[in-house]
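Structure, as structure tokens:
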Amino acid sequence: MEPQTQAKKSNLVLILDYGSQYTHLITRRIRSLSVFSLCINGTSSLDSITELNPRVIILSGGPHSVHADGAPCFPSGFIEYVESQGIHVLGICYGLQLLVQNLGGVVKVGEKHEYGRMEIEVQKNYGLFGNKQIGDKQVVWMSHGDEAVKLPEGFEVVARSNQGAVAAIENREKKFYGLQYHPEVTHSVEGMETLRHFLFDICGVTAGWNMEDVLEEEIKVIKALVGPEDHVICALSGGVDSTVAATVVHKAIGDRLHCVFVDNGLLRQVSSLATSL
């Protein structure tokens with residue numbers, strides 16, 4: 001589809017999920033800053049993404065290698081869309097590698113895999129680390145085997161690990177940024193500060209979202225993901241999670257939702273007295 005110019009950007013931070021165990025933690029961290037964030041599948045269609053009209057897109061980490069057959073990736077036309085709309089993009093871990101590979105850089109299996117706590121050093125005191133000084137160090141949480149060895153044109157390294165691996169990159173002109181570590185986990189001591197700086201100072205996001213807005217926004221997401229004539233099947237156990245999910249989806253698409261009760265084998269047995277009542 002041809003990207004169309006949006007008259008007004010929303011204040012939404014959209015997270016494309018590539019399977020990281022920390023993905024939903026990114027959502028929570030951003031919401032804790034009073035900024036609304038949503039998480040959808042990383043391979044969602046471009047239409048699903050454009051319908052949400054995000055201001056910022058975050059590409060999550062994941063257990064995959066960009067070299068593996070069938071490795072998940074953003075949809076065709078994604079790069080052209082975000083560039084035409086001036087959307088800031090932040091790749092985290094696997095997300096950074098997706099950006100590098102798809103923009104003409106090179107990702108290879110690292111000589112030294114980096115897992116767990118690692119110290120990084122700031123090399124450029126602007127962009128992602130505009131509130132730091134060159135040479136400043138901080139402890140972060142790494143979890144990667146592949147690493148970027150050649151950056152796409154226009155990108156530069158703004159931080160490296162103590163093993164010399166690329167830890168953060170950016171192309172400020174095109175509004176592409178990347179962190180090889182996970183800023184959303186508490187083990188990355190200054191991770192929240194980095195996210196806050198990125199969202200407010202770099203992207204110009206405005207705080208002001210609160211939990212009361214969740215229902216309205218979730219209904220928008222469901223309508224964007226489900227086609228106007230599509231039907232949805234919900235496995236309903238009667239528990240809180242599935243019941244709330246079914247209720248919200250029903251508010252969004254009405255009778256096109258079809259619930260199927262699932263006996264998970266852990267339900268309480270109904271007594272003969274209750275049955276007779």
Worksheet item: Would you say His24 has more than 12 foreign heavy atoms packed within less than 6.0 Å of its NE2?
Response: no
Worksheet item: So does Asp230 have more than 12 non-hydrogen atoms from other groups sitting under 6.0 Å from CG?
Response: yes
Examine distances only and state if a side-chain atom of [X] and a backbone atom of [Y] form a donor-acceptor pair shorter than 3.5 Å.
X	Y	answer
Ser188	Glu190	no
Tyr181	Val140	no
Ser20	Ser60	no

Just how far is it from atom [atom1] of [X] to atom [atom2] of [Y], taken to the nearest 0.5 Å?
X	Y	atom1	atom2	answer
Leu14	Ile57	CG	CD1	5.5 Å
Glu184	Cys93	CD	SG	9.0 Å
Ile26	Asp17	CD1	CG	8.0 Å

Going by the side-chain contact (heavy atoms from CB on, under 4.5 Å) test, name the single residue among [options] that passes it with [X].
X	options	result
Asp136	Ile120, Asn125, Asn131, Val122	Val122
Leu90	Leu96, Thr194, Val56, Ile58	Ile58
Cys73	Thr43, Leu59, Asn102	Asn102

Does a side-chain heavy-atom distance below 4.5 Å link [X] with [Y]?
X	Y	answer
Val106	Val100	no
Asp47	Ile49	no
Glu147	Lys108	no

Just by distance, no angles: are the side chains of [X] and [Y] close enough, under 3.5 Å, to form a donor-acceptor pair?
X	Y	result
His187	Arg117	yes
Asn162	Glu121	no
Ser237	Ser242	yes

Worksheet item: What about the rings of His64 and Tyr94, do their centers lie closer together than 6.0 Å?
Response: yes
Discussion item. Check this for me, if you would: do Arg172 and Glu156 make a salt bridge, where the nitrogen-to-carboxylate-oxygen distance has to be below 4.0 angstrom?
Written reply: yes
Fill in: Salt bridge present between Glu193 and Lys132 (N-O < 4.0 angstrom)
yes
